[in-house]
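In listed order, ligands and their atoms are each counted from 1.
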Amino acid sequence: MATLRIIFFVTLLAALVWAAPAPARIKKRSFKVPRYINTPVHARGLDGGAAVRKVFNKYNLKGGFIAQEKTGTLTGLDIKASNASSNGTGTVAANPGENAALFLSPVDIGGQTLNLDFDSGSSDLWVFSTDLPAKATTGHSVYDKTKSATFKQMTGAKFQISYGDGSGAAGTVGTDAVTIGGVTVQNQAVEVANAVSQSFVQDTNTDGLVGLAFSKLNTVNDGTKKTPQKTFFDNVMGQLDLPVFTADLDPDGTGVYEFGKIDATKFQGEMAWIPVNASSGFWQFPSAKFAVGNQIVDNPTASQAIADTGTSLLLVDQQVAEAYYSQVKGAQLNAQVGGFIYPCDAALPDISVAIGDSYMAKIPGNQITFATVDKANTTCFGGVQGNSGAGLQIYGDTMFKAQFVAFNGGNQSLGFGEKPPVA
Ligand SMILES: *[C@@H]1O[C@H](CO)[C@@H](O)[C@H](O)[C@H]1NC(C)=O
Ligand SMILES: *[C@@H]1O[C@H](CO)[C@@H](O)[C@H](O)[C@H]1NC(C)=O
Ligand SMILES: *[C@@H]1O[C@H](CO)[C@@H](O)[C@H](O)[C@H]1NC(C)=O
Ligand SMILES: *[C@@H]1O[C@H](CO)[C@@H](O)[C@H](O)[C@H]1NC(C)=O
Ligand SMILES: *[C@@H]1O[C@H](CO)[C@@H](O)[C@H](O)[C@H]1NC(C)=O
């Protein structure tokens, strides 16, 4: 009962805050959302699919990227686990702990709970819905706007997003009360899918995405022109103790997203702050140095990099990947598998990548392997891969497992802290 009252009070307070025209910042707060792994019962990884999907996603990156850059419609960018096909020779002995495709967090929309992928590499909050054909929603939780007392249609508004791996979604748009970690945004733009790519259909663990990049990347239009809607983070920022969210991922990819607070017990030493170049809409920064072991290499022509929780791997410029794997005995670039592989018993050096001018983010050698590539577990696929000249380095989960990262929307910066080493 006491708990209920507290919840009610907090909800009321939140409602008051949101009702006020100029946010009356009475009570600031922070909240946590778990990011959990696919349970084995759900994990398509068990049939060898998950890691292959990721491999293929990596493969698909180049095409998706270049095509989108050419047409100037780069709207979002992710390498998502989205293709259950195990075509090719890369039969992966999947270990759900290592390879599980997606990491999801529960989100309440108008009283309906869906499992959404928190993605700092895009800016649309879209959901599987009853507007999709029934056969596309098998195995998914779907949002039924007609059953939400708080849904409001945005007349004429539409969205269409395509990700770097070729997947995508489209549909109509409304607003609803969206609650994450107990904190509600009353009129959050919710994009209601009526079309999704086959890869999302097959990803029965994912009911949609919560985009956490800058709102300018949001794809909503009113039928004639772009009308970007604010992300959940942009909407909730004023209610938070600090205008941040943090990604704290464990080596198995589970972890916690925390909004409003930086938990200094989760990393060693001082946090390093790096200003981001938000002009592209991504959490982007220069990364013109890398190190293999302790050997620092200046790389003035490097592509800029983005911090992307929606990507599994650390995708570096091709020559950086080559430099790294030149130090791994037996490593080779295998076109069929779609990336660098090596004998699983090879000694892997640490890799560090520059985050802005002042920080090197280190990923220990024992956290580099992403998956095994054969049933006998003798050949491994690296969590560090080349971007095939895509013109952007994409730092995903491989980095977040070793680095605690704070995304600061207030002064548009990223905070990095090294996580304690794992045995
Ligand atoms: C693999 O993909 C290729 C081209 O997409 C196709 O021609 C081939 O039949 C596929 N093989 C399998 C085993 O699915
Ligand atoms: C999966 O990937 C393969 C190879 O890239 C492609 O041929 C196939 O169309 C994809 N399937 C889906 C469902 O996306
Ligand atoms: C951004 O804010 C944090 C504190 O929230 C501060 O420590 C940091 O120095 C600021 N960074 C920049 C680049 O202004
Ligand atoms: C910021 O990013 C844009 C777009 O990616 C790039 O063209 C520009 O050079 C970057 N600016 C700085 C100062 O790095
Ligand atoms: C390969 O690794 C997985 C995951 O650790 C394990 O379940 C499996 O038994 C291993 N296979 C062999 C042949 O050692």
Side-chain angles (χ1 to χ4, degrees), residues 28 30 37-38 40 43 45-52 65-66 68-69 72-77 90-100 121 164 213-214 216-217 233 237-238 240-246 251-253 258-264 267 269-289 299-308 317 341 343-345 354-359 366-367 369-381 387 390-395 404-417:
K28 302 235 177 171
S30 66
I37 208 160
N38 300 344
L46 287 177
D47 62 17
V52 172
F65 239 147
I66 288 169
Q68 288 182 331
E69 279 185 348
T73 57
L74 186 64
T75 49
L77 183 88
T91 318
V92 170
N95 158 18
E98 246 185 338
N99 306 336
F214 293 98
K216 67 184 286 186
L217 283 182
F233 180 50
M237 207 148 64
L240 302 173
D241 286 330
L242 287 175
V244 301
F245 67 92
T246 61
D252 70 356
E258 187 162 17
F259 289 76
K261 186 184 162 198
I262 294 169
D263 184 346
F267 56 91
E270 293 279 297
M271 180 155 266
W273 287 97
I274 295 93
V276 298
N277 173 1
S279 65
S280 62
F282 295 116
W283 294 92
Q284 185 174 320
F285 46 86
S287 184
K289 259 189 299 190
N299 187 19
T301 61
S303 309
Q304 292 210 338
I306 63 171
D308 183 4
D317 281 341
I341 57 174
C344 293
D345 61 6
I355 310 293
D357 301 330
S358 56
Y359 186 73
N366 69 353
Q367 292 185 55
T369 294
F370 174 71
T372 55
V373 179
D374 59 342
K375 288 234 165 17
N377 297 342
T378 54
T379 304
C380 278
F381 184 81
N387 65 2
L392 191 62
Q393 308 191 84
I394 303 170
Y395 297 169
F404 177 95
V405 179
F407 295 77
N408 189 327
N411 63 11
Q412 302 195 333
S413 63
L414 288 168
F416 274 72

### Message
Any non-hydrogen side-chain atom of T301 less than 4.5 Å from a side-chain atom of N299?
### Response
yes
What does the contact table look like for ligand 4 (nitrogen or oxygen on each side, cut-off under 3.5 Å)?
from, atom 1, to, atom 2, distance (Å)
ligand 4, 2 (O), N277, OD1, 3.3
ligand 4, 2 (O), N277, ND2, 2.3
ligand 4, 2 (O), S279, OG, 3.2
ligand 4, 2 (O), Q284, NE2, 3.3
ligand 4, 5 (O), Q284, NE2, 2.9
ligand 4, 11 (N), N277, ND2, 2.9
ligand 4, 14 (O), Q304, NE2, 2.6

### Residues which pass side chain to side chain contact (heavy atoms under 4.5 Å, CB included) with D357, listed by chain and number, not counting sequence neighbours
none
### Task
With heavy atoms of K375 as the reference, note each atom of ligand 5 found under 4.0 Å away.
11 (N), 12 (C), 13 (C)
### Side chain proximity check, D263 to T246, heavy atoms < 4.5 angstrom
no
### Message
Are the side chains of F407 and V276 in contact, using a 4.5 Å heavy-atom criterion?
### Response
no
### Message
Residue-level breakdown please: for N408 versus ligand 3, do any non-hydrogen atoms fall below 4.0 Å on the side chain, on the backbone, on both, or on neither?
### Response
side chain
### Message
I need the minimum non-hydrogen distance between G356 and I274, along with the two atoms involved.
### Response
CA-CG2, 3.7 Å
### Message
Measuring from atom CZ of F214 to atom OG of S279, what distance do you get when rounded to the nearest 0.5 angstrom?
### Response
10.0 Å
### Task
Taking the side chain as every heavy atom from C-beta outward, state whether V244 and F259 have any pair of such atoms under 4.5 Å apart.
no
